[in-house]
Amino acid sequence: MKKIFSHIVLLSYILIILTPFVFVLFSSFKENNIEIVTNPWGLPSTFNFDNYILAWKNAKIGTYFFNSFYISTVSSVVTLLFGAATSYALTRMKFMKASRFIYTFILLGLVIPTGSLLVPLYKLITDFNLYNTHWALILPYATFALPVSIYIICAFMRTIPSELEEAAMMDGLGAFGLFTRIILPISIPPLVTVFILNFLGNWNEFVMANFYLSSEHLRTLPVGMVGFRDAFNTNYAQLSAGIVFSVLPVLIIYSILQEKIIEGVTAGSVKG
Amino acid sequence: MNKTFKNPLVYILFLLPTILFYFIFMGVPVFQAFYYGFTDWDGLNPPVFNGIENFKEAFGDSDFWLSVLNNVYFILFSVVVQLPIILVLALLISNVKRLKGFYKTAVFVPSILSTAVIGILWGFIYEPDSGLLNQFLAIFGIEKIYWLSDKSTAMISILITNAWQWTGFYVVLMLAAILGIPKDLLEQAEIDGATNWQKSTKIIIPLIRPIIIVVMLLSIAGAMKALDIVWVMTEGGPFGTTDVMATYMIKEAFREYQYGYGNAISVLIFIFTLVITGLFQWITKNNERIEY
């Protein structure tokens with residue numbers, strides 16, 4: 001009996017989570033605002049995809065989608081390469097106090113509220129002539145993701161037994177060979193986790209993308225969506241279709257990789 | 001180990017890219033914030049050093065204090081309202097056998113989505129005419145409410161959206177800690193005839209105190225960072241009633257061309273965050289890790 005009560009509470013909560021999505025999904029098929037107002041709860045009268053076609057055309061969602069994908073991928077790859085190399089140096093090549101100091105220094109980045117760097121970073125971006133280029137996002141994204149990535153990767157690398165490397169060293173492998181042939185292949189699980197988390201984080205970032213780019217064709221999906229809302233703010237059926245477009249890919253990725261994602265999030269914060 | 005590991009050149013090579021990036025894109029902006037924070041600067045003409053003028057201005061600026069207060073609301077809402085809900089949900093999920101995986105996966109969904117898109121989605125829900133919320137309230141004969149453009153409801157509307165997005169994230173963290181408690185401890189309690197309530201309050205909550213503190217710390221840090229949700233939903237309006245420090249900083253810098261003042265606020269966000277999280281860690285410092 002007690003279990004039934006638990007399920008009722010939990011299912012009600014899930015309902016609170018789901019309702020906005022269902023509302024938007026239904027609205028996206030409805031003909032116009034009038035149908036959304038007169039029939040808010042019901043299924044749409046017709047299942048036409050007109051709103052989707054119009055939203056796609058009006059909102060240039062394809063362009064935004066590509067931009068987001070490109071920026072998120074490049075910056076996550078950079079973080080991964082630098083993060084793995086740094087973690088390897090910090091856990092394996094012990095330069096006494098230097099390693100400890102550098103590790104602590106990098107972790108300091110965890111307490112810097114990155115939002116507060118928006119204005120000073122803007123100056124740097126313009127000084128480097130990066131304003132209104134994708135690099136204005138890729139470089140800060142890659143950098144801001146480094147502290148937590150190094151933290152997670154280091155935690156894993158510390159657990160790799162050194163016997164493996166000693167054996168490989170007998171076979172004549174140098175530091176670079178050890179890194180690419182022994183350490184990296186073993187570290188694939190945490191590297192995948194770090195990559196997914198960073199990719200999602202970059203994919204969803206809004207503020208820097210909003211203020212460091214001005215050209216429409218460079219915009220990322222979140223910024224593009226906000227622009228679309230502001231331009232078509234009275235057409236809620238089309239806006240709903242736009243929201244579905246931008247939410248769907250993330251939901252698909254999540255449904256495939258949910259275990260990895262949840263594992264990564266809990267590993268990152270619970271072990272702190 | 002072997003000689004290659006003792007060669008500082010190899011060591012430096014592996015570290016250099018990270019340190020360089022870190023220095024340029026994090027270190028330099030932090031120093032610049034401190035430097036330009038002490039200047040009068042419009043972003044175009046050369047900055048003029050003006051001492052602590054910007055900070056004096058901030059402390060006398062009622063709009064700035066309003067934004068600070070809104071960050072405080074974010075913190076209070078997460079700790080006082082959200083945290084108990086998170087705890088209850090995590091305890092309930094940990095206690096059921098069926099659908100456990102489904103609940104864990106489903107509650108997490110909002111926190112993987114873009115805050116900007118969630119802001120748009122909820123903006124639509126709060127919409128006075130076509131929005132879901134007013135249409136729902138109309139059933140009970142409640143008059144139209146202008147959720148995001150009315151001073152009295154705008155802030156709470158944003159806080160609810162923010163809570164909707166992040167509650168599941170913390171539930172999953174807490175759930176991981178609860179599921180990490182050794183089974184025999186709880187089984188023993190059951191044999192001794194403990195009720196679910198007793199099990200939760202006497203065993204589980206004391207054991208997961210460290211993670212409760214981590215969740216509080218993360219929500220405080222998150223509350224200090226709150227920015228995009230406010231920007232997308234209201235841009236700080238109506239009349240600055242929903243401005244947080246970060247949105248106020250952006251407006252001063254990018255709209256009013258007060259870059260010096262904007263950088264000073266940036267420094268203040270930095271200091272306030274460090275003070276609050278530091279203070280919190282100092283208060284809770286006696287919470288060493290619990291060994292089972």
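Chain identifiers are assigned alphabetically (A, B, ...) following the order of the sequence lines, protein sequences preceding nucleic acid strands; residue numbering begins at 1 within each chain. These numbers were taken from a predicted model, which means no experiment stands behind them.
- Among the candidates Ile120(B), Val117(B), Leu99(B), the residue making the largest number of heavy-atom pairs closer than 4.5 Å to chain A is Ile120(B).
- Counting heavy-atom pairs closer than 4.5 Å to chain A, the top-ranked of the candidates Thr105(B), Ile269(B), Ile93(B), Asp228(B) is Thr105(B).
- Taking the six-membered ring where tryptophan is involved, the planes of Phe270(B) and Phe34(B) are perpendicular, since the angle between them exceeds 60° and thus also 30°.
- A donor and an acceptor atom, one from each side chain of Tyr141(A) and Ser72(A), are nowhere located under 3.5 Å apart.
- In this structure, chain B has no heavy atom under 4.5 Å from any part of Phe228(A).
- Using a 4.5 Å cut-off between heavy atoms, Glu127(B) touches chain A through its side chain atoms alone.
- Contact detail for Lys3(A) and Val96(B): the closest heavy-atom pair is CD-CA, 4.4 Å.
- Contact of Ser87(A) with chain B is not made at all, since no heavy-atom distance falls under 4.5 Å.
- By the 4.0 Å N-to-carboxylate-O rule, Glu165(A) lies close enough to Arg92(A) to be salt-bridged with it.
- Between Ile86(B) and Tyr170(B), the shortest heavy-atom distance links the atoms CD1-CB, 3.5 Å.
- Residue Val223(A) does not touch chain B at all, counting heavy-atom pairs closer than 4.5 Å.
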_Could you walk me through whether Tyr122(A) and Phe211(A) satisfy the ring pair (Phe, Tyr, Trp, His ring centres under 6.0 Å) test, starting with their C-alpha distance in whole Å, then the side-chain angles of each, then the deciding distance to 0.1 Å, before giving a yes or no?_
CA-CA 8 Å; Tyr122(A) 177 80; Phe211(A) 289 100; 8.5 Å; no
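- A salt bridge (Lys or Arg N to Asp or Glu O under 4.0 Å) check over residues 243-261 of chain A, counting only residues at least two apart or in different chains, returns the pairs Lys260(A)-Glu263(A).
- Of the listed residues (Leu200(A), Leu118(A), Ile150(A), Val78(A)), the one with the most heavy-atom contacts under 4.5 Å to chain B is Leu118(A).
- Counting heavy-atom pairs closer than 4.5 Å to chain A, the top-ranked of the candidates Val232(B), Val267(B), Val215(B) is Val232(B).
- Applying the salt bridge (Lys or Arg N to Asp or Glu O under 4.0 Å) test to every pair with at least one member in residues 12-25 of chain B, sequence neighbours left out, gives no pairs at all.
- Ranked by heavy-atom pairs under 4.5 Å with chain B, the list Leu90(A), Val226(A), Leu108(A), Thr79(A) is led by Val226(A).
- Contacts between Phe254(B) and chain A at a heavy-atom distance below 4.5 Å involve the side chain alone, from C-beta outward.
- For the residue pair Ser75(A) and Asn202(A), the shortest heavy atom distance occurs at OG-ND2, 3.0 Å.
- Of the atoms belonging to Ala253(B), it is side-chain heavy atoms, and not backbone ones, that fall under 4.5 Å from chain A.
- With respect to chain B, the highest number of heavy-atom pairs below 4.5 Å among Ala85(A), Ala142(A), Ser255(A) belongs to Ala85(A).
- Ile112(A) touches chain B through backbone and side chain together, each having a heavy atom under 4.5 Å away.
- Your options are Thr167(B), Ile125(B), Leu227(B), Ile112(B), and the one with the most heavy-atom pairs under 4.5 Å with chain A is Ile112(B).
- Between Phe108(B) and Phe169(B), the ring-plane angle classifies as parallel under the 30° and 60° cut-offs.
- Heavy atoms closer than 4.5 Å to chain A are found nowhere in Tyr35(B), neither backbone nor side chain.
- Between Trp122(B) and Pro20(A), the shortest heavy-atom contact is CZ2-CG, 4.0 Å.
- Proximity of the aromatic rings of Tyr259(B) and Tyr36(B) is defined here by a centroid distance below 6.0 angstrom, and this criterion is not met.
- Contact count versus chain B (heavy atoms, under 4.5 Å) is highest, among Val24(A), Thr19(A), Leu139(A), Val111(A), for Leu139(A).
- Leu81(A) does not touch chain B: none of its heavy atoms, backbone or side chain, sits under 4.5 Å away.
- Contacts of Asn210(A) with chain B are made by side-chain atoms alone, with heavy-atom separations under 4.5 Å and no backbone atom involved.
- The two atoms that bring Lys30(A) and Ala237(A) nearest to each other are O-CB, 3.5 Å, heavy atoms only.
- Other residues, nucleotides and ligands contribute only 12 or fewer heavy atoms inside 6.0 Å of the NZ atom of Lys104(B).
- Gln82(B) and Ser219(B) share no donor-acceptor pair across their side chains, judged by distance under 3.5 Å alone.
- Residues of residues 10-18 of chain A that come within less than 4.5 angstrom of chain B, heavy atom to heavy atom, are Leu10(A), Leu11(A), Tyr13(A), Ile14(A), Ile16(A), Ile17(A) in numerical order.
- Contact annotation for Asn95(B): both backbone and side-chain heavy atoms come within less than 4.5 Å of a heavy atom of chain A.
- Of the listed residues (Ile118(B), Ile250(B), Val88(B)), the greatest number of heavy-atom pairs within a distance under 4.5 Å of chain A belongs to Ile250(B).
- Chosen from Leu274(B), Thr115(B), Leu89(B), Ile265(B), the residue pairing most often with chain A at heavy-atom distances under 4.5 Å is Leu89(B).
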Under 3.5 Å, which donor-acceptor pairs do the side chains of residues 13-33 of chain B form with other protein atoms, sequence neighbours left out?
residue, atom, partner, partner atom, Å
Thr18(B), OG1, Phe82(A), O, 3.2
Thr18(B), OG1, Thr86(A), OG1, 2.4
Tyr22(B), OH, Phe105(A), O, 3.3
Tyr22(B), OH, Ile106(A), O, 2.5
Tyr22(B), OH, Gly109(A), N, 2.8

